[in-house]
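For reference, the structure discussed in these notes is given below.
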2 protein chains.
Amino acid sequence: MTSTPSDGELTLDPGDADGWDAFRGLAHRMVDDMIGHLSTLREQPAWREMPSAVRSSFGDDAPRAGIGAAAAYERFVRDVLPYPNGNLHPRFFGWVQGNGTPLGMMAEMLAAGLDAHLAGFNQAPALVEHQVLRWLAGLLGMPGASGLLVSGGTMASTLGLAVARFAKARELGIDTRVDGMQRWPDGPAHGPLVFYGSRETHGWARKAAELLGIGDRGFRRVPVDSEYRVDVAALSAMLAEDRAAGLIPFCVIGTAGTVNTGASDDLAALADLCARERLWFHVDGAFGALAYLSDALRPQVAGLARADSLGFDLHKWGYLPFECACVLVRDPAVHRDAFATTASYLAETRRGVIAGGLPFADRGIELTRGFKALKAWMSLQADGLDKLVALIEQNVAQTRHLVARVQASDELELLAPAPLNVACFRFAPRGVPEKDLNPLNEEILLQLQERGIAVPSGTTLGGRFAIRVANTNHRARREDLDALVDGVLAIGRELSGAP
Amino acid sequence: MTSTPSDGELTLDPGDADGWDAFRGLAHRMVDDMIGHLSTLREQPAWREMPSAVRSSFGDDAPRAGIGAAAAYERFVRDVLPYPNGNLHPRFFGWVQGNGTPLGMMAEMLAAGLDAHLAGFNQAPALVEHQVLRWLAGLLGMPGASGLLVSGGTMASTLGLAVARFAKARELGIDTRVDGMQRWPDGPAHGPLVFYGSRETHGWARKAAELLGIGDRGFRRVPVDSEYRVDVAALSAMLAEDRAAGLIPFCVIGTAGTVNTGASDDLAALADLCARERLWFHVDGAFGALAYLSDALRPQVAGLARADSLGFDLHKWGYLPFECACVLVRDPAVHRDAFATTASYLAETRRGVIAGGLPFADRGIELTRGFKALKAWMSLQADGLDKLVALIEQNVAQTRHLVARVQASDELELLAPAPLNVACFRFAPRGVPEKDLNPLNEEILLQLQERGIAVPSGTTLGGRFAIRVANTNHRARREDLDALVDGVLAIGRELSGAP
């Protein structure tokens, strides 16, 4: 990798023509190896434990002298490539992680090659991001919304909540950008700002409450009904109580597709309530928002398009590689007012490299941003929306196939409604006492992973340990879900001594 | 890209052997094109404006039917590749953006191919991140520190400030995780928390103050001396005044390498002051921290290793592609206490896929995280630390060469000390009145970019518009800085009518 130009100066480019040729050869080998890996996933175990000898190899110190790109790559092939967490695999159902795509992988190479800095600027990559955001806003029923591509659902929804905090406080004459959430000796006195979401809301909400200085007690957890949807009447009552106690409600979070069961809140009812109560309505649609693209599934997330802000991921049910999430804010001016700091600077630069301004820096916390939009832009063009929708519907149909198999079995028990692409069940044959079922199913789960059969995850619902299948896998076939069920039955029978 | 397995189910993989072969061919072409682009940068203009016809092509709607990966790639080659913001180029000195490397580009492809989810988990990618963090902590004088790789300097330093807020408030009996920054009817009353940094502190500090609910007025700007370093005596006086007024100082930010001039605060003096005043010491070393690696440059950032937390970027002076920044926190327990939410969950998973726990999710806000560590891990192994240090020193030497040329010229004027790799100067020949120099130099800057000669940026120092060179370019040679100076002189003479 080293080159020494004629004047003795160094560079990290391969340098002369021979160096570039050697690097090109290595790069081709890398591509071939990764394509080889991806095209043979089905023949590989769903997961394999890293041997302790490999594990201990990561104890080396940082090298003073380089070993060269080819040797560094050898180490990757030997110590890293065989031991991922399994989410590429056709039988990975563990978490809503997405599985990446070959085109997405190459788009990341192109993006890294361009190495665009996406604060904004007068460059094609900025226009790609603008276009992708415009596409997404239109597709999710929020045409004209402002948006930003970010790392994941937590960042997306945290930014939505930050805009909510700013916008609703401003209506009350509170400038959170200047005063923060603090009470200043000479500042206005007001009650604490609080927001609402169901107990099934993803953990991002607690993290966001803490980060934004709202505090965990500012996140008011609302009970859910038997289908794990927010209890809207209970929410109404909490709002009245909190207001009477001097708190200032500013936002309600609705979830499109909860982590645990795939339930979606009654988003239309929440939108009505927010309009009535003058609250910001943020929808966490980390994976579920994309169900809106399907005519068949849209009723489950109806009301989503009435959100003031919406967070969702393209690296989950959009199948793209990490990181690619999105926040949309219906009112672009409010979005900008919540974050922009650079207005005076921009007025000076109508020509040249930064003539496009810094629109993305003005919509969030980050200045440095990678070119996350390219993989979305290329994939949407290459595969088209219709295929994306067909894949989303296929995942739901596969999950229904799994549920049907569970319901048809005497030994299996469905533990929650499975309205979308998440299903929770357990091995519970007659004769095994209830008290033994939790440890038994935990052990089944671990052995499914350790034997490399499949990677589901676990959760506890009403005290019962569930094997959870979250199916956002574009590589999955119905036979993979059958293999999972067969594996649960086989291991379960083996462990319980059932016939 | 479409395939239809025998049972009629879809996937985003190319599918059968022919499909994979075709995709492999396309992938090789992508690699060849990018390597061709990178290896000919020097023959290309430093920047080129996007033609309006290309610009308007980004107005298309999202396609219902896909056009295939090859056609999507054609569009990239036609509409995106020729119009980046120039930061790859050997004569890009505009901002501290880094220029990427061929190996970093391919490492991103490998990372996207693995598509690892870096919340933690029992997988090799997590060990790679642990190892990279351990390396960085040791190299920057904070062995044993806890760390996290994040998107950029803003995220890194915002997380450091969030830990500071939590840790110092806890010492005062305030639990910011529970109460936030708010005053609750039944909660403890205390003055507002405030932190300090010089007026030359990067814009991240204001954004962080706002995001964290501290508020912009909670970020106390301290004057600087003639060398753009924080005035420590003024800081001391502000602390006393603020305490007397009922405010609660919790943190001081020192900068290693400011954006404007590359100045570094007297970090040792700040560390002393923080110890004396019982304040958290955070160092923003976005690019400057890496000067610590060089024996020759270390004295400029001495004291950095005494930070309680440190934010810096590997995609700046570490030359890696975006995104790759790092926050280090000296006390791992405090770092974890500030963010961890998952302790009870983890106790249950000593085997299987998530046996490694979620250490990274416990050190910041994000759950979803991409495999940023791989490019750092491979590059440090391939090229070695000695070469990294040599390149950093080379950039400083090149900047000194530029400064010498400026100082040797009657027509050029250095506008600030240039202690590291940033230099600010202007075209100011005898005979051009002071009032004309700002618009003249702005125009010189724009024409340097528009003619594709080089991409410096601009800033204003003491009312004087400066052409700013921020040299973190591993592709730059002294001749590139000469070309920049020659360009400034030629355009300046042309515009001013000077001989």
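Residue numbering restarts at 1 for every chain, and letters A, B, ... go by the order of the sequence lines.
Distance CD/B:Gln394 to CG/A:Leu10: 5.0 Å, rounded to 0.5 Å. Here the straight-line distance linking atom CE of B:Met181 with atom CD of A:Gln182 works out to 3.5 Å at 0.5 Å rounding. Atom CH2 of B:Trp135 is separated from atom CG of A:Asp60 by 7.0 Å, given to the nearest 0.5 angstrom. Between atom CG of residue A:Asp179 and atom CD of residue B:Glu210 there is a gap of 11.0 Å, rounded to the nearest 0.5 Å. Atom CD1 of residue B:Ile365 and atom CD1 of residue A:Ile365 lie 11.0 Å apart, to the nearest 0.5 angstrom. Residue A:Lys387 holds its NZ atom at 6.5 Å from OG1 of B:Thr11, rounded to the nearest 0.5 Å.
Counting heavy atoms from C-beta on, the side chains of B:His315 and A:Asp115 never come closer than 4.5 Å. Between A:Pro102 and B:Pro14 the shortest side-chain heavy-atom distance falls below 4.5 Å. Counting heavy atoms from C-beta on, the side chains of B:Glu323 and A:Arg369 come closer than 4.5 Å. Under the 4.5 Å side-chain criterion, counting only non-hydrogen atoms from C-beta, B:Met109 is not in contact with A:Glu108. Side-chain contact between B:Leu212 and A:Leu212 is absent, with no heavy-atom pair separated by less than 4.5 Å. Under the 4.5 Å side-chain criterion, counting only non-hydrogen atoms from C-beta, B:Phe23 is in contact with A:Met106.
Only the backbone of A:Thr176 comes within contact range of chain B, with heavy atoms under 4.5 Å apart. For B:Ala107, no part lies under 4.5 angstrom from a heavy atom of chain A. With a 4.5 angstrom heavy-atom cutoff, A:Met30 touches chain B via backbone and side-chain atoms both. For A:Val455, the part lying near chain B is the side chain, with the backbone staying farther off; criterion is any non-hydrogen pair under 4.5 Å. Both the backbone and the side chain of B:Leu81 come within less than 4.5 Å of a heavy atom in chain A. Using a 4.5 Å cut-off between heavy atoms, B:Asn99 touches chain A through its backbone atoms (N, CA, C, O) alone. B:Lys316 touches chain A through its side chain: at least one heavy atom from C-beta onward sits under 4.5 Å away, while N, CA, C and O do not. Only the side chain of B:Trp377 has a heavy atom closer than 4.5 Å to any heavy atom of chain A. The parts of A:Met378 that come within reach of chain B are both its backbone and its side chain, each placing non-hydrogen atoms under 4.5 angstrom from that chain. When heavy atoms are compared at a cutoff of 4.5 Å, B:Tyr73 approaches chain A by way of both its backbone and its side chain. Neither the backbone nor the side chain of B:Ala71 has a heavy atom closer than 4.5 Å to any heavy atom of chain A. For B:Leu193, the parts lying under 4.5 angstrom from a heavy atom of chain A are both the backbone and the side chain. Residue contact with chain A, scored on non-hydrogen atoms closer than 4.5 Å, involves the backbone and the side chain of B:Arg75 alike. Proximity to chain A is absent for every atom of B:Ser379, based on heavy atoms less than 4.5 angstrom apart. Using a 4.5 Å cut-off between heavy atoms, B:Leu88 touches chain A through its side chain atoms alone. Heavy atoms closer than 4.5 Å to chain B are found in the backbone of A:Ala245, but not in its side chain. With a 4.5 Å cut-off on non-hydrogen atoms, A:Phe121 touches chain B through its side chain but not through its backbone. B:Asn87 touches chain A through its side chain: at least one heavy atom from C-beta onward sits under 4.5 Å away, while N, CA, C and O do not. Proximity to chain A (any heavy atom under 4.5 Å) is shown, for B:Trp184, by both the backbone and the side chain. B:His130 does not touch chain A: none of its heavy atoms, backbone or side chain, sits under 4.5 Å away.
Here the shortest heavy-atom pairing between B:Arg183 and A:Pro192 reads O-CD, 3.7 Å. The minimum heavy-atom distance linking A:Leu139 with B:Ala62 is given by the pair CD1-CB, 4.4 Å. The two residues A:Pro84 and B:Leu114 make their nearest non-hydrogen contact at CB-CD2, 4.0 Å.
Interface summary for chain B: among A:Lys207, A:Gln449, A:Gln398, the most heavy-atom pairs under 4.5 angstrom belong to A:Lys207. Chain A forms more heavy-atom pairs under 4.5 Å with one residue of B:Gly370, B:Gly59, B:Pro63 than with any other, namely B:Pro63.
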Pair B:Trp95, A:Leu367 - check side chain to side chain contact (heavy atoms under 4.5 Å, CB included), show working. CA-CA 12 Å; B:Trp95 295 267; A:Leu367 183 61; over 6 Å; no

Criterion side chain to side chain contact (heavy atoms under 4.5 Å, CB included) on B:Arg134 and A:Asp61, from CA distance to verdict: CA-CA 9 Å; B:Arg134 189 168 52 73; A:Asp61 283 342; 3.7 Å; yes

Criterion side chain to side chain donor-acceptor pair (under 3.5 Å) on A:Glu49 and B:Asn122, from CA distance to verdict: CA-CA 8 Å; A:Glu49 174 98 39; B:Asn122 188 4; 3.2 Å; yes

A:Val150 and B:Glu366: side chain to side chain contact (heavy atoms under 4.5 Å, CB included), yes or no, with the steps? CA-CA 10 Å; A:Val150 296; B:Glu366 291 167 318; over 6 Å; no

Test side chain to side chain contact (heavy atoms under 4.5 Å, CB included) on A:Thr154 and B:Thr368; report intermediate values, then the result. CA-CA 8 Å; A:Thr154 295; B:Thr368 300; over 6 Å; no

Going through the distances and angles, do B:Asp386 and A:Arg64 end up as a salt bridge (Lys or Arg N to Asp or Glu O under 4.0 Å)? CA-CA 5 Å; B:Asp386 289 341; A:Arg64 296 294 336 176; 2.9 Å; yes

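Of the N and O atoms on the side chains of B:Asp13 and A:His474, not one donor lies less than 3.5 Å from an acceptor on the other residue.
The backbone N or O of B:Phe58 sits less than 3.5 Å from a side-chain atom of A:Gln131, completing a donor-acceptor pair.
A:His37 pairs by the ring pair (Phe, Tyr, Trp, His ring centres under 6.0 Å) definition with nothing, not counting sequence neighbours.
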